[in-house]
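Down below is the structure, laid out as structure tokens.
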2 protein chains.
Amino acid sequence: MDRVDKILAQWKRERPDLDTEAMGIMGRLKRLTTHLAREVDQVLQQQGLSSSSFDVLATLRRSGAPYRLSPGDLLSMTMVSSGTMTNRIDQLEKAGLVERVLNPDDRRSVLIALTEAGLAAVETAVGLHVANQQRLTQGFSAEEKEQLDGLLRKFLATFE
Amino acid sequence: MDRVDKILAQWKRERPDLDTEAMGIMGRLKRLTTHLAREVDQVLQQQGLSSSSFDVLATLRRSGAPYRLSPGDLLSMTMVSSGTMTNRIDQLEKAGLVERVLNPDDRRSVLIALTEAGLAAVETAVGLHVANQQRLTQGFSAEEKEQLDGLLRKFLATFE
DNA sequence: ACCACGTATCTTGACGTCAAGATAAATGGC
DNA sequence: GCCATTTATCTTGACGTCAAGATACGTGGT
């Protein structure tokens, strides 16, 4: 009987006509990801990064040397609006972790490049971040993790 | 090969030392809940409600008649800060969906009460919302839904 | 009865986000 | 070559959120 069960029991009492099966799954998903986001943020914050900043730095890092992508490339990889991406880049640029480099091939565009400090920051952070993610999932057996991943993959395929 | 697989493949190439199993699960969870939140918001928005507003109205509705809870009660049921709850109540009060009623037993406190308009709004919205949640999970068999719910329950139990 | 402490709510200031629109440069049909 | 259209990025204004602190009231020990 967890918190979501209590919510479902309330609905059962007040609105017995409602089928709460989907509500249970969605409620657990929402609460779970709120908790997970807080745990993830805490580790990144100790490195002086928000999860938004880390998201951009990590995208640049995993794109490979020379660690440069246009704002449009970053946009297509990160599920945020263009205004949000501009803001993220502004913050990272202020912090000296990325710089805007002119794109010689297209003057509408710029390239966002990891600075040395940005590369160093993301290399440290990604190690701690992955270790933290492992910690958060360590309650599951290998089989359960595979099962969960499979179900999430199928669910996600509905949208992507 | 979904988007998360592509991200993991990039990391594999750039940082083969990192174990990406947990990252895959967490990444799918995050992308999935972003998509789900957008779908949920869309239905509620057609009723003139944000998911934040609906969250409060639904909590009041399922608490049963006379549909009154203190801000503190609402806080303990909704994973937000006290400042956020004050703001949510302010918005709902402006919209005429709830009202602040003096608590005769404790003058530090108030009771947040559904108005007639608020009750009507939540009754309509909750039906559409639940139907929408069912639509979003309809790709799964009964067995898969049960499996997913069980895994999420276990995961959530880590935190609650 | 008093007062120190606890409790309940609200305020403030800073962020991160989005939708919509503005700006500037490239492109393609003629 | 010109201009309408498309593309790439940035700007603006509004919202929702939080942490930290302020305010106001209740409570219990003396």
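Lettering of chains follows the sequences in order, A, B, ..., and the numbering in each one begins at 1.
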Steps toward side chain to side chain contact (heavy atoms under 4.5 Å, CB included) verdict (B:E14, A:Y67): CA-CA 11 Å; B:E14 292 294 317; A:Y67 311 124; 4.2 Å; yes

To the nearest Å, give me how far apart [atom1] ([X]) and [atom2] ([N]) are.
| X | N | atom1 | atom2 | result |
| --- | --- | --- | --- | --- |
| A:L74 | D:dA8 | CG | C1' | 13 Å |
| B:N103 | C:dT7 | CG | P | 17 Å |
| B:D106 | C:dG6 | CG | C1' | 12 Å |
| B:L102 | D:dA24 | CG | P | 15 Å |

Residues pairing under salt bridge (charged side-chain N to carboxylate O under 4.0 Å, His left out) where one sits in residues 35-50 of chain A, two or more places apart or in two chains, turn out to be A:E39-A:R135

- Query: If you measure from the Lys or Arg side-chain nitrogens to the Asp or Glu carboxylate oxygens, is any gap between A:D2 and A:R28 under 4.0 Å?
  - Reply: yes

Co-membership, hydrophobic cluster, residues B:L119 and B:I89, 4.5 Å side-chain: yes

B/S/- along nucleotides 9-23 of chain C (protein heavy atoms under 4.0 Å) is SBB----SBB-----

Any side-chain heavy-atom pair from B:L151 and A:F140 closer than 4.5 angstrom?
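B:L151 reaches A:F140 side chain to side chain.
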
Have a look at B:D55 and tell me which of B:L49, B:T78, B:L74 forms a side-chain contact (heavy atoms from CB on, under 4.5 Å) with it.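 Answer to the side-chain contact (heavy atoms from CB on, under 4.5 Å) test with B:D55 among B:L49, B:T78, B:L74: B:T78.
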
Any A:R107 side-chain N or O less than 4.0 Å from OP1/OP2 of C:dA24: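 Answer is no, no contact under 4.0 Å.
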
